Each structure stands twice: as structure tokens, then as C-alpha cells.
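Note that the coordinates shown come from a computational prediction; the quantities given were computed from them, not determined experimentally.
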Amino acid sequence: MAQKKYLQAKLTQFLREDKIQLWKPPYTDDNKEVGLALKDLAKKYSNKLECCENEIEKIIEEIRCKAIERGTGNEKYRTTGIATIEVFLPARQRKDRKNLLETRLHITGRELRSKIAETFGFQENYIKIVINKKQLQLGKTLEEQGVTHNVKAMVLELKQSEEDARRSFQVEEEEQSEADQKEKKIQRTKRGLEILAERGEMVDSETTPYLDIANQTGRSIKIPPAERKALMLAMGYHEKGRAFLKRKEYEIALPCLLDADRYFCECCRELLDTVDNYAVLQLDIVWCYYHLGQLDCLEDAEKKLNLAQKCFKNCYGENHQRLVHIKGNCGKEKVLFLRLYLLQGVRNYHSGNGEEAREYLNKAHQLFKELSIDPSKVHNLLQLGFTAQEARLGLRASDGNVDHAAIHITSRREELAQIRREEKDKKRRRLENINSLKGMGFSTHAAKQALHQASGDLDSALKILFSNPHVWLSHSDPETHNHQESPSQENIDQLVYMGFDLVAAEAALRVFKGNVQLAAQTLAHNGGSLPPDLQPAAEDSPTPTTSPSDSAGTSSVSTDEDMETEAINEILEDIPEHEEDYLDSTLEDEEIIIAKYLSYVENIKSDTKRN
């Protein structure tokens, strides 16, 4: 099949270069039947390719029929507005022909999904559609999502099926259960990442960094608040997608990776040049398309791979000199370039560019030989107490030298431990400041918000709190004050003893619900009276702090928190402990693919002659 696709691409190139229009005479007659001139064309190209003439004639005829089919569809679209969509099916249903679907573009994504399911025999709720590198949104029309005539749509099936004739009730039930679980997994992933991103936006993200954003050295990067949520969602979806890739669950991985791509596009270019995540994501998406057997559907594979190469250059520097300056070596990152060259070779082969494919595949093969690791060396490092992952990464960073690898791993451990100690000290100081403010009577939320605005300075945070009492008062914590209908005489007497007016003291205690510290500090900061925005209205009356509805809601709140915890834990389980996990690979898959495609490019002529 791969060899045939190569010939199709090569012949398409020749036809384009020779400006031959197969859908017109002398190659197609008035009845759209094949003309005699096609045989002469097949002979010409078979000599050029040194291939079997009959095989070339068959492929040219297929190209001619597709051209006529496309022309008919174009004419129909011009006259009726009915568009044609080329549907790429999962491997189990794929046939050696185009699957075309006609539709109007004002219908919704849900209606298109329903039509695809009905036409090709899927269960509607268990498929996802990818068009223009994005998941089809069910609630929007095709036009709103940029879907056009002759667009390509890829179907991802969440349940694995056997031939319909061989299905039993039990098998179908199990498959449906599997599909349900996969869909729930995707939804939990989305919910968990949204929660984490929301927490990342909050001012306490430094005390509980669920997804830390760091540079090549492992140190945290300051991200503008406007971009932080988008970047955290992008990184979160990417990590989840990579986890599915590791488990070879490509049909679930791809939607996560495409969501990551969407959120990365909301970040500024300068930020994406600081970290290599975006470049790695491009490789992961193309890698996923390859394993789904859908390289034909990814029309911009070349664009994505070129983008990855450009991002690596910006991030690592020309000839990796910036990376070497930062980390002392670039051995581990070569794994990324191996995959880049491999995918560029595969793409070129499928595009009919045999020489370019051979060049990239040979570069990938050379890197593979350089990065292959002697198992005995890994074993030696395991005996020293290092993990297999640390051993692979250390050996690649040290050109396979076991002693140097051990030193590298130990040094890296110490460096990361120092970074973690510094981060821990920073968070400890912040927590101490939060507790200091809480001890003064401020709420946890108010303390964190003020410290965030004051860049961690305690005195500045106090000024912010007293200058904006209405802001933090609305977020007060239950533990920072006493819930009571009216202030006690003892508390009023305390404030009067401090020198405050009786009326002002009573009003302040009502506003702060009995918290003497906050009342006193606010009165002192405002010259003995409450600021205008905290003055109680005449008609205000105390309200009970609890009600039957409050207590009735406790169990539902607890249930929601449990669900959130479950969703978050599922995300965190897939976030690797080692910060360079994305650079670790056994290269088993790469070795197989390199060998397969090298055999294709090296035997193009002999294989086609045998045909």
C-alpha cells in the first residue's frame, strides 16, 4: 500500500509538471470514458519510472476517475450549494477508494456527525470528527467552523469493533462499555484540566503548583496572567495526550493533542520560543496521525514539521549552541530530532519525493545508531541505584560513557533538589505572610490576593487591604470572624477603650461580624470611622448565618468536591515525575519505522518492477 501511494504521488507530480488534464480529451471522451491516449501516457511514465506499464496504467486511471469525480462535485457545488466532504475512516473500515459525503454547509456539526454515522455504520455517540486539524464542534454550523467544499474529515472511533457478521451480543455490550469509558475519560480530562487551570489563575498557585511552567533548567517561568490559563490548559492537554500516546490509545490521544494546539495558539510567540513544548506537540500530532494511518488526511504535515524545526531552532539556538550553553550537552534532545527526521522522511515518501525521503530517513537512521543504548550499561547504572529512565537519559547526555552518565545524573539530581529547595523556601515565606495576615483577621483569599498584587511584600499587602476593604470583606472566611446578629457589649467596650466612638465601634463590629481586630484596624486606618462603601444602610438588619438550605447543600457540595478531586487526581497521575520524560524513548517504534521506510526507498524500482 505504501509503495502504491508513492507511485500515485509521483505520477501526480509528473502530470502537474507536464500540465496534463486527464479529465479532458484525449484522455477522457465526451461520455467521460477513458481515451486511447492514456495508454501512451502510461508507457511514457512507466519508462521514466522503470515500472510495470500495466500497474502505471491502473494508477493513472484511478487518478483520472478521481479527477472526474472531483470536477462533477465542483459543478454540483456551484449550481446547488451542496458540498462534498472526503471522509477518512478508521483502519478497520478503510477501503482502497475515496469515501465521499454530500452535504450543505449550513448544518450543525452534530447533524454532520449523525450523517457520517448513518452513512458509514457507526454509533453516533462513539465517534469524533476532526476537520482542519480541529475537533468538530457539535453546536456550531459547518460554515462557522470554516468547513468548505472538498474538505477532508477524519473519523475517530472510540470503540474497537470486529466485523459486524462476527459480533455477538456480549461482544457488542463490552465494546459499548469500552466506548462509554473512553468518552467519560475524555470528559473527565477536560474537567480536570479546567479546574487546574482555574486554580492556576488564582493567586495561590505558587503554594499549590499543580502544573508548573519551567524552562530548560527546571526553574519556574513567570507567565503574564492573561496567558497563564491558556498555557496551563495547553500543557495539561499535551501531557494527557502524551500519556495516551504511551499507551498507544491514539484515537483518544489525538483530540487531547489538538486541544493543546488550540490553546498554545493563544500564547504569544515569544513565550513559545522560550520552551520547547510547542515544537514537541507538533511532532506528537503528526506521530499520532501516522499511527492512525491518516497521513493523507493531515494536509499540513509539512507545515507542522517545519514549524517544529523552526521552534527547536528558536528555543535551542543555531546548531543547539543555546541548549549546550544551558545544559552542557544536547544528547537527550537528539531524540526529538530523530523523530523529526523520521516523520519528514515518511511525509516525503508519501508525497512522491523519493530522494528527499531517503535523505531524511538516513539522517534519522544515523541518529538512531548514535542514540542506541547498550543494555549492559543501563544495567550497570541500575546497580548504582538510578532508574532505567535516568540511565537512558544520562547515557545519551554522556555519549554512552557510564561513569560520565552517573556523574551527570547525580549532578542533575542535586541541581533539581536545589531548585526545589529554593521554590519550597519561597512558598514557605509566602505561606508565613499569608498566616500573618490571617492572624490579623484577614481572610485567606484576601491575604493571597493582596500578596499577589504586592509581589509578596507584607507591608504593601497591608496597605492594599486597608485601602480596599470592600474587596476582601466580600471574601471573608468563616474562621476569621464570629457569626452573630449583634456585637457583644464586651467587644464594643474594647473598641471604646481603644478610643473609638461608640457608634462607630458598634457599626464596625456589625460590618465585620464581631471581629475586633479587623474593626479596630479599619477604624484606625480611616481616622476613626468606616469608609463610605462599608457604611451600613439604615434598613440593614442582621441576618442569620445559617439556614436549612445551607445545611441541606452540604452533601451536594461535598459530592462536587469529591468529583473535582477525582478528575484532578486522574490528570495528576499522568503528569510524569521526571521533568525530561518527553525526551526518554526506547526507540523501539522508531527503529521499526526507519527500517520499513528505508526498505521502501531503497527498493522503489525493484519493487515496482516485480509488480
For [X] and [Y], which I'm curious about, is there any donor-acceptor pair between the side chains at under 3.5 Å?
X: H350; Y: Y597; answer: yes
X: Q137; Y: E144; answer: no
X: N150; Y: Y77; answer: no
X: N47; Y: E53; answer: no
X: Q13; Y: N353; answer: yes
X: D589; Y: Y290; answer: no

Work out which heavy atom in [X] is nearest to a heavy atom in [Y]; give both atom names and the distance.
X: G73; Y: T84; answer: CA-OG1, 4.2 Å
X: I60; Y: L22; answer: O-CD1, 3.8 Å
X: R64; Y: Y27; answer: CD-O, 3.6 Å
X: T141; Y: L105; answer: CB-O, 4.3 Å
X: D284; Y: H238; answer: OD2-NE2, 2.8 Å
X: A391; Y: V378; answer: CB-CG1, 4.0 Å

(request) Taking side-chain contact (heavy atoms from CB on, under 4.5 Å) as the test, write out the residues that go with K32, two or more places apart. (result)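 Result, side-chain contact (heavy atoms from CB on, under 4.5 Å) vs K32: T28, I68, T72.
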If you count every heavy atom of other residues, nucleotides or ligands that lies below 6.0 Å from [X] atom [atom1], does the total exceed 12?
X: K246; atom1: NZ; value: yes
X: K43; atom1: NZ; value: no
X: E17; atom1: CD; value: yes

(message) A side-chain contact here means heavy atoms from C-beta on lying under 4.5 Å apart; do R396 and K334 qualify?
(response)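 No; the side chains remain at least 4.5 Å from each other.
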(request) Report yes if some heavy atom in the side chain of V147 is under 4.5 Å from a heavy atom in the side chain of I85; otherwise report no. (result)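 The answer is yes; the side chains approach within 4.5 Å.
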Mark yes or no for whether [X], through its side chain, and [Y], through its backbone, hold a donor-acceptor pair below 3.5 Å.
X: K10; Y: G352; answer: yes
X: N132; Y: K134; answer: no
X: K377; Y: G400; answer: yes
X: R104; Y: T80; answer: yes
X: R392; Y: D584; answer: no
X: S599; Y: K596; answer: yes
X: E111; Y: T108; answer: yes

Distance, nearest 0.5 Å, that separates [atom1] of [X] from [atom2] of [Y]:
X: K76; Y: I82; atom1: NZ; atom2: CD1; answer: 5.0 Å
X: L138; Y: R113; atom1: CG; atom2: CZ; answer: 4.5 Å
X: S114; Y: I107; atom1: OG; atom2: CD1; answer: 9.0 Å
X: D18; Y: Y45; atom1: CG; atom2: OH; answer: 3.5 Å

Using 4.0 Å as the upper bound for N to carboxylate O, is an ion pair formed by [Y] and [X]?
X: K4; Y: E62; answer: yes
X: E61; Y: K58; answer: no
X: K66; Y: E69; answer: no
X: D581; Y: R242; answer: yes

(message) Let's go through E118 and K115 carefully: what are the C-alpha distance in whole Å and the side-chain angles of both, what is the deciding distance for salt bridge (charged side-chain N to carboxylate O under 4.0 Å, His left out) to 0.1 Å, and is it a yes or a no?
(response) CA-CA 5 Å; E118 182 181 353; K115 186 177 287 192; over 6 Å; no
(message) For Y600 and Y6, I'd like to know if the aromatic rings sit close, meaning centre-to-centre distance below 6.0 Å.
(response)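 Centroid distance Y600-Y6: not below 6.0 Å, so no.
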(request) Check step by step if side-chain contact (heavy atoms from CB on, under 4.5 Å) holds for I127 and L156. (result) CA-CA 5 Å; I127 59 171; L156 298 176; over 6 Å; no
(message) Is there a ring-ring contact (aromatic ring centres under 6.0 Å, His included) between F337 and F312? Walk through the geometry before answering.
(response) CA-CA 9 Å; F337 288 90; F312 283 138; 5.1 Å; yes
(message) I'd like to know whether L583 forms a side-chain contact (heavy atoms from CB on, under 4.5 Å) with E333, so could you lay out the CA-CA distance, the side-chain angles of the two residues, the decisive distance to 0.1 Å, and finally the verdict.
(response) CA-CA 6 Å; L583 299 176; E333 282 73 15; 3.3 Å; yes
(request) Just do the side-chain hydrogen bond (donor to acceptor under 3.5 Å, both in side chains) check on Q282 and D261 with the steps written out, would you? (result) CA-CA 8 Å; Q282 306 309 306; D261 196 34; 3.3 Å; yes
